Enquirer: 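Handing you this structure, nothing more for now.
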Amino acid sequence: KDVVLSSKRLQILNHKLPSRDLQRQDFMVCDGLGAYDLCVEPGEVVESLTELVYESRCPPDRERSFIPPNLFNWSRIRHLELRGFQMHDFISSLGGQTLQLDTLIIESFCTSEMFREGASILDKFISNIRGLKNIGLINPVDKLPVSTIALHGNTLRTLNIRHPRVGTDPYALVFRPRPYTVQDLQQLNAT
């Protein structure tokens, strides 16, 4: 925390986790990596950050906290990538923040038990962001409403929504969201 706070011109922070397999990150491992109590005090803020990549694996207990969202000046962040199960708590904690992101990438942010609730959290989160140019969602959640994506129709340039492939995620066999219909895509294209 002290190093990050003392870097007054820090613009990009990639908090990525080590992995034995460079091709695949196993967010299901409950080793607690990425869930830290950084002892952030009120008023401690990384002011200059414009890009945040934050990965976390499932903490072994729910008592361990994520990096608190008040550590970052969210009005400056334009690129946000969040990866890892239990990130739904982190996303929910951002509800009161002013977010004007250009790029949002969210991957595997909840477990299959939160299939429907995860979609609701994601829908609410994306609905409160303005100006998204790039959206990437790789999650085992129910289908995001086209109306939510359409909120960004004037600025959206890249849309990548996919679900974990069968064989790489054991939950992919349990829940398969309905695909977008031709009418859904036409509605999105019309915005």
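In this text the structure is predicted, and so the values were computed from the model without any measurement. Sequence positions, counted from 1, serve as the residue numbers for this chain.
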Enquirer: Any side-chain heavy atom of Leu80 sitting closer than 4.5 Å to one from Ile105?
Expert: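 A side-chain contact under 4.5 Å is absent here.
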
Enquirer: Suppose we screen for side chain to side chain donor-acceptor pair (under 3.5 Å). Which residues come up paired with Gln11, at least two apart in sequence or across chains?
Expert: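 Applying side chain to side chain donor-acceptor pair (under 3.5 Å) to Gln11 gives none.
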
Enquirer: Given 3.5 Å as the limit, does a donor-acceptor pair link the side chain of Thr50 with the main chain of Arg76, or not?
Expert: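 No.
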
Enquirer: Within the side chain of Arg78, is there an N or O that forms a donor-acceptor pair under 3.5 Å with the backbone of Gln100?
Expert: yes

Enquirer: Using side chain to side chain donor-acceptor pair (under 3.5 Å) as the criterion, list what pairs up with Thr148, not counting sequence neighbours.
Expert: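 Per chain and number, Thr148 pairs via side chain to side chain donor-acceptor pair (under 3.5 Å) with Asp123.
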
Enquirer: Rounded to the nearest 0.5 Å, what separates atom CD in Glu81 from atom NE2 in His15?
Expert: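 Interatomic distance, Glu81 CD to His15 NE2, rounded to 0.5 Å: 14.0 Å.
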
Enquirer: Suppose we screen for ring-ring contact (aromatic ring centres under 6.0 Å, His included). Which residues come up paired with Phe125, at least two apart in sequence or across chains?
Expert: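 Phe125: no ring-ring contact (aromatic ring centres under 6.0 Å, His included) contacts found.
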
Enquirer: Show your working on side-chain contact (heavy atoms from CB on, under 4.5 Å) between Leu122 and His88 and close with a plain yes or no.
Expert: CA-CA 8 Å; Leu122 199 56; His88 54 84; over 6 Å; no

Enquirer: If you take all heavy atoms of His152 and Gly131, which pair is closest and at what distance?
Expert: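 His152 and Gly131 have their closest heavy atoms at ND1-N, 3.9 Å.
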
Enquirer: Restricting to side chain to side chain contact (heavy atoms under 4.5 Å, CB included), what partner residues turn up for Ser93, sequence neighbours left out?
Expert: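 Applying side chain to side chain contact (heavy atoms under 4.5 Å, CB included) to Ser93 gives Pro69, Phe90.
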
Enquirer: Under 3.5 Å, is there a donor-acceptor pair between the side chain of Thr155 and the main chain of Leu132?
Expert: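 At least one qualifying donor-acceptor pair exists.
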
Enquirer: Check whether Leu99 and Leu151 end up in the same hydrophobic cluster, where Ile, Leu, Val, Met, Phe, Trp and Tyr are linked by side-chain heavy atoms less than 4.5 Å apart.
Expert: no

Enquirer: Determine which pairs satisfy salt bridge (Lys or Arg N to Asp or Glu O under 4.0 Å) with at least one residue from residues 182-191, sequence neighbours left out, and list them in order.
Expert: Lys143-Asp184

Enquirer: So how far is it from Leu82 CG to Leu104 CG, rounded to the nearest 0.5 Å?
Expert: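 Going from the CG atom of Leu82 to the CG atom of Leu104 covers 7.0 Å.
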
Enquirer: Is there a side-chain contact between Leu144 and Leu137 in this structure, where contact means two heavy atoms from C-beta onward sitting under 4.5 Å apart?
Expert: yes

Enquirer: With sequence neighbours excluded, tell me which residues meet side chain to side chain donor-acceptor pair (under 3.5 Å) with Asn73.
Expert: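 Only Glu47, Ser75 meet the side chain to side chain donor-acceptor pair (under 3.5 Å) criterion with Asn73.
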
Enquirer: Report the distance from atom CG of Asn128 to atom CD1 of Ile126, rounding to the nearest 0.5 Å.
Expert: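 It is 10.5 Å, given to the nearest 0.5 Å.
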
Enquirer: If we only count heavy atoms from C-beta on, is the Met87 to Ile106 side-chain gap below 4.5 Å?
Expert: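 No, every pair of side-chain atoms sits at 4.5 Å or beyond.
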
Enquirer: Taking the side chain as every heavy atom from C-beta outward, state whether Arg83 and Val53 have any pair of such atoms under 4.5 Å apart.
Expert: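 The answer is yes, as the side chains (C-beta and beyond) meet within the 4.5 Å cut-off.
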
Enquirer: Does Glu41 have any side chain to side chain donor-acceptor pair (under 3.5 Å) partners at least two apart in sequence or in another chain, and if so, which?
Expert: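 Per chain and number, Glu41 pairs via side chain to side chain donor-acceptor pair (under 3.5 Å) with no residue.
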
Enquirer: Starting at CG of Leu13, measure out to CD1 of Ile77 and round the result to the nearest 0.5 Å.
Expert: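 Leu13 CG to Ile77 CD1: 9.0 Å, rounded to 0.5 Å.
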
Enquirer: Return the minimal non-hydrogen interatomic distance between Ile121 and Ser92, and the atom names on each side.
Expert: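 Closest approach of Ile121 to Ser92, heavy atoms only: CG2-OG, 3.8 Å.
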
Enquirer: Step by step, work out the side-chain contact (heavy atoms from CB on, under 4.5 Å) result for Phe72 and Val4.
Expert: CA-CA 11 Å; Phe72 308 109; Val4 171; 5.6 Å; no

Enquirer: State the CZ-OG1 distance between Arg157 and Thr103, to the nearest 0.5 angstrom.
Expert: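 Between atom CZ of Arg157 and atom OG1 of Thr103 there are 12.0 Å.
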
Enquirer: I need the Ile129 CD1 to Ile135 CD1 distance, nearest 0.5 Å.
Expert: 8.0 Å

Enquirer: Should Val45 and Asn70 count as side-chain neighbours, where that means a heavy-atom distance under 4.5 Å?
Expert: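 The answer is no; the side chains never approach within 4.5 Å.
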
Enquirer: According to side chain to side chain contact (heavy atoms under 4.5 Å, CB included), who are the partners of Ile12, at least two apart in sequence or on a separate chain?
Expert: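 If we apply the side chain to side chain contact (heavy atoms under 4.5 Å, CB included) test to Ile12, skipping adjacent residues, the hits are Asn14, Glu51.
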
Enquirer: Under the rule for side chain to side chain contact (heavy atoms under 4.5 Å, CB included), what residues qualify as partners of Leu188, not counting sequence neighbours?
Expert: Val146, Ile149, Ala150, Leu159, Thr191

